[in-house]
Structures are given as C-alpha cells and as structure tokens.
Amino acid sequence: MEKRDKVFWISFNRPEKKNATTVEMYDSLTEAFRIANNDHETHLTVFTGAGDFFTSGNDWSQKEREKFVDQLEKNNSIPWVPYINELIKHKKPIIALVNGPAIGIGCIVLGLCDMVIASSKAYFNCPYVDLGIAPGCLATETFPKLIGHALSSRMLIFGETLTAQEALTAGLVSKVLSQKGFKEETSKLVQKYAQLHKESILVTKRLMRDEDMVQAMLDRNKKEEKILLELNREKAQERMVQRFLKAKF
C-alpha cells in the first residue's frame, strides 16, 4: 500500500504467482483497506495488480490449501470475509484498475467497487461451480444488479468468460483502455478524480450506500459465509485439489 497525494493505492503484489491470493494476503488486504478508510488525507482508494494479472484468484497450492482448510476447521471462518467486510464499509470511492485477467475473487469483488477501469487485455472469469464451490463476496446479489440475471448466470453458474469489451457493454466495467500505456493513462485519470471536492465525493458515496444498505450487505456476507463453510467441506476440498494439482502459478 502507498499514499500518493490524495489517493491511497493498494495492490495485489505477487506477480511471480499471477497475484494468486494467500491467507496472509487477505489479512494484509483487510488491514490496508481499514487504514485507507481511516486516512483523513486521502479521499480515493485505488486497487490494482502488479505485473500482468489483476489476480488469478485464490492460491490452491498444497501449502496454501492446508492453511485454508486449517482456518475452516479451527476458526470456522473463511479467510476473505473480513476483507469483504472492509470493502463494504469503505467510505471512500474505490477505483479498481484491472490491469490484466481478473479470475475468481478478483472478478467478483469488482461488484463492490465504485469504478472499474480495465485493460483491453483483461478478461473476467468465475470458475466456482467448476471447483465444486460457490461464489461469495455478495456476487450473487451485486452481479444481477449490475449486469442482469442472464449474464450473471452465464458467469457465476456456467463459468463463462467475458472479454474487457463484453464486460464494458454489460456494465461490469466503467471504462476500457488500451493495454499499451494503461498504467500511465489510468494514473492521469486517478489524478483527475483526486481533484474533485472531497466532501462532495464522500457524501455522494454515503447517499449511494447508506448505513442501512451497508448493514444489510454485512449481514448477507455473514450469511454467505455460513453457507460456503458447509460447501467448502471435504468433498469440495477434494475437487479443488484435483483441479489445481497440475496448476502452475
């Protein structure tokens, strides 16, 4: 994480593993968004990925899989739930700069962002059903509202992939910029948005996501966790193991 003038920058920063997320990374992301939310000097939070991927989703290597299962069994909790709570409660606009493929949680979390700017080389995929599990992060609520039931079903139930242009047309993405110069052009846009009146930005977001809505979203996240805990038990774990044994991150 890094502060630049009026903007707080947070990154998936594991490019050698295509930004695959670990249990420890979820803890770090949770803390980063908490710090950004409470920072009085910034009024925008930008979320992006290092390297060629936004994120390839959860890291299901043996070591990380064991940590995930350990948290399920010992704490009866799912690692990303506190991170999603922080996104829900975030008072500042969140801008996602999707610099490359957004897979799994990297895709569904976009439904909680206020603006999504994608590289022309980005694509969006939610392989949950293929893994024998189901999407969390309120995607089954946010996606139908953003892109409609039919397209949400194609993505969340049937695992179809959207290109950046398809995601733009559908309404999941706000803008698509050329991969060439993506970093430079998005930096210019962020700086432009950072010049907007701080209180107006914060009040407008609060009106768009008021306290009642925030609480309802937090309640749904908690409810989803209970459902996913049941689905993520032994049989689902076995399917994920088989799916990712040959994966190279």
Report the C-alpha separation of I117 and V173 in whole Å, then their side-chain angles, then the decisive distance to 0.1 Å, and conclude whether the side chain to side chain contact (heavy atoms under 4.5 Å, CB included) test is met.
CA-CA 6 Å; I117 304 175; V173 165; over 6 Å; no
Passes salt bridge (Lys or Arg N to Asp or Glu O under 4.0 Å), E225 versus K222? Steps please.
CA-CA 5 Å; E225 181 179 29; K222 184 176 181 179; over 6 Å; no
Evaluate side chain to side chain contact (heavy atoms under 4.5 Å, CB included) for R220 paired with E141, printing each intermediate quantity in order.
CA-CA 9 Å; R220 184 179 177 96; E141 180 179 77; 3.5 Å; yes
Please walk me through it: do R4 and E2 pass salt bridge (Lys or Arg N to Asp or Glu O under 4.0 Å)?
CA-CA 6 Å; R4 301 183 206 163; E2 178 186 6; 3.4 Å; yes
Go through the steps to decide whether E41 and K6 satisfy the test side chain to side chain contact (heavy atoms under 4.5 Å, CB included), and finish with yes or no.
CA-CA 6 Å; E41 297 178 353; K6 301 175 184 178; over 6 Å; no
Residues K92, L202; criterion side chain to side chain contact (heavy atoms under 4.5 Å, CB included); working and verdict
CA-CA 6 Å; K92 303 171 184 178; L202 299 181; 3.8 Å; yes
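Remark: side-chain polar atoms of R65 are paired, donor with acceptor, to backbone N or O of W60 under 3.5 angstrom. Side-chain N or O atoms of T55 include none that pairs as donor or acceptor with a backbone N or O of A102 at under 3.5 Å. The main-chain N or O of I95 is never found under 3.5 Å from a side-chain atom of D114 such that the two would form a donor-acceptor pair. With hydrogens and angles ignored, the 3.5 Å screen pairs no side-chain donor or acceptor of T48 with any backbone N or O of S11. Listed for the K175 side chain is no donor-acceptor partner under 3.5 Å among the backbone atoms of S119. Not one N or O on the side chain of N85 forms a donor-acceptor pair closer than 3.5 Å with the backbone of L218. Checked by atom type and distance alone, the side chain of Q195 never pairs as donor or acceptor with a backbone atom of K192 at under 3.5 Å. At least one donor-acceptor pair closer than 3.5 Å links the side chain of E224 to the backbone N or O of L138. The closest donor-acceptor contact from the side chain of R34 to the backbone of H90 lies at 3.5 Å or more, if one exists at all.
Counted by atom type alone, D59 and S61 present one or more donor-acceptor pairs between their side chains at under 3.5 Å. For the residue pair E66 and Q62, a side-chain donor N or O sits within less than 3.5 Å of a side-chain acceptor on the partner. For the 3.5 Å distance criterion, the side chains of N13 and N19 fail to qualify, holding no donor opposite an acceptor.
Linking ILVMFWY residues whenever their side-chain heavy atoms come closer than 4.5 Å, directly or via other members, places V214 and V81 in the same cluster. Linking ILVMFWY side-chain heavy atoms closer than 4.5 Å, directly or via other members, places I108 and Y123 in two distinct hydrophobic clusters. Put simply, I105 and I103 are part of two different groups of oily side chains (I, L, V, M, F, W, Y) that touch within less than 4.5 Å, one to the next. Residues V116 and V7 do not share a hydrophobic cluster, defined by chaining ILVMFWY side chains whose heavy atoms lie under 4.5 Å apart. Under the 4.5 Å side-chain contact rule for hydrophobic residues, M115 and L112 do not share a cluster.
Looking at T21 and F12, their side chains come closer than 4.5 Å, going by heavy atoms from C-beta outward. Contact annotation: the side chain of Y26 approaches that of N58 to within less than 4.5 Å [non-hydrogen atoms, C-beta and beyond]. With contacts defined as side-chain heavy-atom distances shorter than 4.5 Å, the pair T22/R14 qualifies. Residues M1 and I35 are in side-chain contact: their nearest non-hydrogen atoms beyond the backbone lie under 4.5 Å apart. K198 is not listed as a side-chain neighbour of I201, based on a closest heavy-atom distance of 4.5 Å or more. I94 is listed as a side-chain neighbour of L87, based on a closest heavy-atom distance under 4.5 Å. Between N76 and Q71, the closest side-chain pair of non-hydrogen atoms is not below 4.5 Å. Annotation: side chain of E31 is not in contact with side chain of D27 (no heavy-atom distance under 4.5 Å).
The 12-atom threshold is not exceeded at CG of D52, counting heavy atoms of other residues, nucleotides or ligands nearer than 6.0 Å. The local environment of CD in E211 is sparse, with at most 12 non-hydrogen atoms from other residues, nucleotides or ligands closer than 6.0 Å.
Closest approach of A164 to V176, counting heavy atoms only: O-CG2, 3.5 Å. Heavy-atom minimum distance, F54 versus N99: CA-OD1, 3.5 Å. Between A139 and P144, the shortest heavy-atom contact is O-CD, 3.5 Å. The minimum heavy-atom distance linking S152 with I147 is given by the pair OG-CG1, 3.4 Å. Smallest separation of non-hydrogen atoms from L29 and Y83: CB-CD1, 3.8 Å. Across every non-hydrogen atom of L44 and V190, the tightest pair is CD1-O, 4.0 Å.
With values rounded to the nearest 0.5 angstrom, C126 atom SG is found 11.5 Å from I157 atom CD1. N125 CG to C107 SG: the interatomic distance, rounded to the nearest 0.5 Å, is 7.0 Å. The distance from atom CG of N38 to atom NE2 of H40, rounded to the nearest 0.5 Å, is 6.5 Å. In this structure, NZ on K183 lies 12.0 Å from CD on Q179, to the nearest 0.5 angstrom. Atom CD of E166 and atom CZ of F124 lie 10.5 Å apart (nearest 0.5 Å). Here the straight-line distance linking atom CD of E199 with atom CZ of R206 works out to 8.0 Å at 0.5 Å rounding.
We find that E24 and K67 are joined by a salt bridge, their nearest charged nitrogen and carboxylate oxygen being less than 4.0 Å apart. In summary, E86 and K89 engage in a salt bridge, as defined by a charged side-chain N under 4.0 Å from a carboxylate O. One finds a salt bridge joining D39 and K3 here, because a Lys/Arg side-chain nitrogen approaches an Asp/Glu carboxylate oxygen to under 4.0 Å.
Taking the six-membered ring for Trp and thresholds of 30 and 60 degrees, F33 and F47 have ring planes more than 60 degrees apart, a perpendicular arrangement. Ring pair W80/F68 is parallel by interplanar angle, where below 30° counts as parallel and above 60° as perpendicular.
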